[in-house]
Visitor: 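Quick one: the structure is below, questions incoming.
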Amino acid sequence: MAFIDSHCHLDFAEFDACREPLIAQCQQQGVNQFIVPGITLAQSHSLISFQQQYRAIHIGVGLHPYFMSEYVAEHLNQLSELAHRYRSQLIAIGECGIDRSIANIALQIEIFEHHIELANQLELPLIVHHRQSHDLIAQSFKRCQPKFGGVIHAFSGSLQQAQYYIKQGFKLGVGGVITYQRAQKTRQVIAQLDAAHLLLETDSPSMPLAGFQGQINTPLQLPLVFEQLCQLKQLNGRDKQLFKQQLYDSCSALFCI
Ligand SMILES: [Zn+2]
């Protein structure tokens, strides 16, 4: 049974010189499918042809709050047109969300709720970015309820917050963060959750694992995230294999891949 990297930016320039051999090497090591999210309108456009080149890559389209400075009002309509036209190539809407470290929260909320509506129209799950914004995301979910679930990418938060998202039909993205001792709270919360509620991700090329700081992160590290997760959950032998299978099923069921 293989791994799916449920969140990696394999289209980024960091991978231009090594993309093909890297994907081949990942597949040799059992990481054989990849979900690449959209972050801007222009990049979401180029993901459509990117996806056509690689059978192992699945994509979402979306406007990430990091790129608020590039955002203009027409982008939402254009994103919606793009998503409708290429619906058959998409497995998600996102990455979208709310980030308190970035200015213009009111506009971020408006854009996020448009993404939820778009996902509902197209019957797709959401890839959600959060930073210090669980309260705002919950308020958006109240106004505009996601109908096809999704993933809270790079989840960090309390058990209560995790359970709230699970009730809303969401899974929690688990990546390199859990390899850091300082992430005690997140490690403890994740350790208490079943595989059905978790997705493995690397967020490559960002989020290097502990011990790999300063290096470009790649999906080759996904098995190490899995190993760390098994340690936190104290799983061994057959239980580990079963857990791996459950994580795969959890991801493939959410995104229909
Ligand atoms: Zn990302």
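The first residue in the sequence is number 1, and the count goes up from there. One-based numbering, in listed order, for ligands and for the atoms of each. Predicted model only: the values in this text are computed from it and were never measured.
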Visitor: Could you label the plane-to-plane angle of the Tyr66 and His129 rings as parallel, tilted or perpendicular, counting under 30° as parallel and over 60° as perpendicular?
Guide: perpendicular

Visitor: Find the distance between SG (Cys8) and CZ (Phe15) and round it off to the nearest 0.5 Å.
Guide: 7.5 Å

Visitor: Has His9 got an N/O/S atom less than 2.8 Å from the Zn ion (ligand 1)?
Guide: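 Looking at His9, which is the residue asked about, there is an N, O or S atom under 2.8 Å from the Zn ion (ligand 1).
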
Visitor: With Lys244 as the cation and Phe3 as the aromatic partner, state whether NZ or CZ is under 6.0 Å from the six-membered ring centre and within 45° of the axis.
Guide: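 Verdict for Phe3: a cation-pi partner in Lys244.
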
Visitor: Tell me whether His129 has at least one N, O or S atom under 2.8 Å from the Zn ion (ligand 1).
Guide: no

Visitor: I need the NE2(His7)-the Zn ion (ligand 1)-OE1(Glu95) angle, rounded to 10 degrees.
Guide: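 Taking the Zn ion (ligand 1) as the apex, the two atoms subtend 80°.
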
Visitor: Look at the aromatic rings of Tyr54 and Phe50 and report parallel, tilted or perpendicular, splitting at 30° and 60°.
Guide: tilted

